[in-house]
Amino acid sequence: ATTKSINKQVLAAENVSLKAFGANGCTFYDTVFVERYLPPKGSIDPDTTICEGSELVLSAYGGAKYKWNTGDSTQNLTVTPKVQTKYSVTIYSDKGCTDFDEMTISLKPLAYSAFKVKTYLDSVVFTNQSLKADSIRWDFGDGATSTENNPYHFYDTTGSYIVKLTAYNYCGGVDSSFKINVTVPIKTGVD
């Protein structure tokens with residue numbers, strides 16, 4: 001090129017030389033070594049969904065150093081988001097070139113297990129008040145179980161029983177329990 005300046009794409013490390021000619025016929029010559037640094041091909045894990053309260057390790061790849069939007073500068077970042085959260089990382093090569101990636105973590109809610117109890121002598125009516133549950137399982141404390149939504153149960157023996165309701169969804173099971181006292185009437189027979 002014979003212009004004062006040029007734009008040149010450097011595809012590999014090379015020497016670039018310039019020869020300048022002065023008005024009085026003098027020649028000036030200089031060479032500069034130009035090295036091409038490619039940005040890192042960095043990435044982090046793809047968008048994902050986890051259960052509320054769960055811990056997740058985010059991993060960044062392809063760089064020599066990392067800087068997360070949380071301020072951390074580790075390759076692996078352990079998070080426990082409380083709401084849907086976007087995480088991003090700047091990925092640095094050993095020459096200082098950068099790449100950027102981000103991911104979003106969405107949350108699945110935990111099931112909520114709750115119930116009401118109404119006692120009638122030897123039987124008890126249970127009312128399921130669970131939320132965000134796909135299925136339930138009752139344990140009546142005497143060895144009997146049920147998967148009905150609002151069951152009733154007859155007890156054979158007077159005593160105290162711990163009734164447990166487990167509410168299940170995508171994230172697993174969550175229990176609630178309640179102690180009940182049952183009095184079974186004494187049967188009398190007339191001969």
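Of all heavy-atom pairs spanning A60 and Q75, the tightest one is O-NE2, 2.8 Å.
Legend: disulfide bond (SG atoms under 2.5 Å apart) pairs involving residues 120-171, not counting sequence neighbours, sorted by first then second residue: C51-C171. Identified under the ring pair (Phe, Tyr, Trp, His ring centres under 6.0 Å) test for residues 87-125, with sequence neighbours left out: F115-W138.
Between V163 and V117, every side-chain heavy-atom pair lies at or beyond the 4.5 Å cut-off. In this structure, the side chains of T127 and K118 stay at 4.5 Å or more apart for every pair of heavy atoms. Taking 4.5 Å as the limit, every side-chain heavy atom of Y61 sits out of range of all side-chain heavy atoms of I91. I50 is listed as a side-chain neighbour of L107, based on a closest heavy-atom distance under 4.5 Å. Under the 4.5 Å side-chain criterion, counting only non-hydrogen atoms from C-beta, L77 is in contact with T70. Counting heavy atoms from C-beta outward, I44 and L58 have side chains that stay 4.5 Å or more apart. Contact of the V124 side chain with the F140 side chain is not registered, since no non-hydrogen atoms from C-beta on lie closer than 4.5 Å.
No side-chain donor from either of T183 and T158 sits under 3.5 Å from a side-chain acceptor of the other.
Put simply, the side chain of D45 never gets that close to the backbone of M103: no donor and acceptor are under 3.5 Å apart. A donor-acceptor pair under 3.5 Å links the side-chain atoms of S113 to the main chain of L165, judged by distance alone.
By the ring-ring contact (aromatic ring centres under 6.0 Å, His included) test, Y168 pairs with no residue at all, sequence neighbours left out.
N149 CG to N128 CG: the interatomic distance, rounded to the nearest 0.5 Å, is 4.5 Å.
More than 12 heavy atoms of other residues, nucleotides or ligands sit less than 6.0 Å from atom CG of N24.
In this structure, I136 is not a member of the same hydrophobic cluster as V125, with clusters built from ILVMFWY side-chain heavy atoms closer than 4.5 Å.
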